[in-house]
Amino acid sequence: EKLAGGDLTVAIGDIGEDDMKLAQASNRTCIAGFKVKVDTAARLLAQQTGIPIITADTIYALLDGIRREAVRVLPPVLRRNDIGRIHILKLFEKEGTKQVVGGRVEEGVVRKGAHAEVTREGGVTGRGVVVQVQQQKTPVPEVAKGTACGILLDMRVAVREGDSVILFEEQTVERKL
């Protein structure tokens, strides 16, 4: 999906300095060669420019090398995992982007370091991070469903009583072809 049909140049013979210059001038991401040699000047230019040269003596090995390179240049996917939701009952303190709120965990868990998304009247009003979680004025790593707690949030949007805060974690996942 992210690998659009880009430029492809086909040539016969070993990979040389001219091939590297063409790849560099046309912003190609790699050079692939099947049952060919790479001359010294091309290898040196590849090291200087960072353009990889993939060669193989079997078509399967060449395709594997091209796939590995394609995965390397694709941006990773950010995968969101909702871990909990807290209903805000009270706003205690707000200073700059930091605010201390109290509420009841309605689903899952509230965890220190989790991303937070404030929802109000069915829409998302802002995002931030859970800096600290407290239960009975004692810092704890997380609090489970059905429990009251206080959280220190770092976010630009002011949280109000009655808001819901959805907590989630993000995981970076390498793309696969």
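Worth saying up front: this structure is predicted, and the values here are computed from it rather than measured. If you read the sequence from its start, that first residue is 1, and numbering goes on from there.
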Problem set entry | Shared hydrophobic cluster, Ile88 / Leu91 (ILVMFWY, side-chain heavy atoms < 4.5 Å) | yes
Exercise. Would you say Thr55 and Ile53 make side-chain contact, with heavy atoms under 4.5 Å?
Worked result: yes
For this session: Start with the C-alpha distance between Met155 and Val118, add both sets of side-chain angles, then the distance that settles side chain to side chain contact (heavy atoms under 4.5 Å, CB included), and finish with yes or no.
Result: CA-CA 9 Å; Met155 64 175 46; Val118 178; 3.3 Å; yes
Exercise. Are any of the side-chain nitrogens in Asp39 or Lys37 under 4.0 Å away from the carboxylate oxygens of its partner?
Worked result: no
Exercise. Given side chains that start at C-beta, do those of Leu152 and Val130 come closer than 4.5 Å, heavy atoms only?
Worked result: no
Exercise. Looking at CZ of Arg68 and CG of Leu63, how far apart are the two atoms once the value is rounded to the nearest 0.5 Å?
Worked result: 10.5 Å
Exercise. In terms of hydrophobic clusters joined by side-chain contacts under 4.5 Å, are Val38 and Ile54 together?
Worked result: no
Exercise. Any salt bridge between Arg67 and Asp64, counting N to O under 4.0 Å?
Worked result: yes
Exercise. Is the number of heavy atoms from other residues, nucleotides or ligands under 6.0 Å of Arg160 CZ greater than 12?
Worked result: no
Exercise. Do Arg85 and Phe168 have side-chain heavy atoms sitting under 4.5 Å apart?
Worked result: no
Exercise. What heavy-atom pair brings Gly162 and His87 nearest, and what distance separates the two atoms?
Worked result: O-CE1, 3.4 Å
Exercise. Roughly how far apart are Leu22 CG and Glu17 CD, rounded to 0.5 Å?
Worked result: 12.5 Å
Exercise. Do Thr172 and Val77 have side chains that get closer than 4.5 Å, going by heavy atoms?
Worked result: no
Exercise. Nearest heavy-atom pair of Pro139 and Lys137: which atoms, and what distance?
Worked result: CD-O, 4.0 Å
For this session: For residues Lys21 and Leu45, determine if any side-chain heavy atom of one lies less than 4.5 Å from a side-chain heavy atom of the other.
Result: yes
Exercise. For the residue pair Val109 and Ala144, what are the closest heavy atoms and their distance?
Worked result: CG1-CA, 4.0 Å
For this session: Before accepting this row, confirm whether a basic side-chain N of the pair Glu169/Arg111 lies closer than 4.0 Å to the acidic partner's carboxylate O.
Result: yes
Problem set entry | Basic-acidic side-chain contact under 4.0 Å: Glu95, Lys98 | no
Problem set entry | Donor-acceptor contact present, side-chain Arg104 to main-chain Gly146, <3.5 Å | yes
For this session: Indicate, with yes or no, if Val143 and Ile83 share a hydrophobic cluster defined by side-chain heavy-atom contacts under 4.5 Å among Ile, Leu, Val, Met, Phe, Trp and Tyr.
Result: yes
Exercise. Side chains of Ile86 and Cys149: does their closest heavy-atom pair fall under 4.5 Å?
Worked result: yes
Exercise. Are Glu170 and Arg80 ion-paired here, with the side-chain N under 4.0 Å from a carboxylate O?
Worked result: no
For this session: Applying side chain to side chain contact (heavy atoms under 4.5 Å, CB included), run through Asp163 and Thr119 and close with a yes or a no.
Result: CA-CA 6 Å; Asp163 286 351; Thr119 59; over 6 Å; no
Exercise. At what distance, to the nearest 0.5 angstrom, does CD of Glu121 lie from OG of Ser164?
Worked result: 11.5 Å
For this session: Check whether any side-chain heavy atom of Val101 lies under 4.5 Å from a side-chain heavy atom of Phe92, and answer yes or no.
Result: no
Exercise. Checking side chain to side chain contact (heavy atoms under 4.5 Å, CB included) for the pair Ile166/Asp82: CA distance, chi angles, key distance, verdict?
Worked result: CA-CA 7 Å; Ile166 298 168; Asp82 289 356; 4.0 Å; yes
For this session: Supply the atom-to-atom distance Gln132 CD to Asp154 CG, rounded to the nearest 0.5 angstrom.
Result: 12.5 Å
Exercise. For the residue pair Val157 and Gln99, what are the closest heavy atoms and their distance?
Worked result: O-NE2, 2.8 Å
Problem set entry | More than 12 heavy atoms from other groups under 6.0 Å of NZ on Lys90 | no
For this session: Give the minimum heavy-atom separation between Val36 and Gly33, together with the two atoms involved.
Result: CG2-CA, 3.6 Å
For this session: Give the intermediate values and the outcome of side chain to side chain contact (heavy atoms under 4.5 Å, CB included) for residues Ile151 and Val110.
Result: CA-CA 9 Å; Ile151 55 175; Val110 174; 3.6 Å; yes
For this session: Taking all non-hydrogen atoms of both residues into account, name the closest pair between Cys30 and Glu69 and its distance.
Result: CB-CG, 4.0 Å
Exercise. Are any non-hydrogen side-chain atoms of Thr147 and Gln135 less than 4.5 angstrom apart?
Worked result: yes
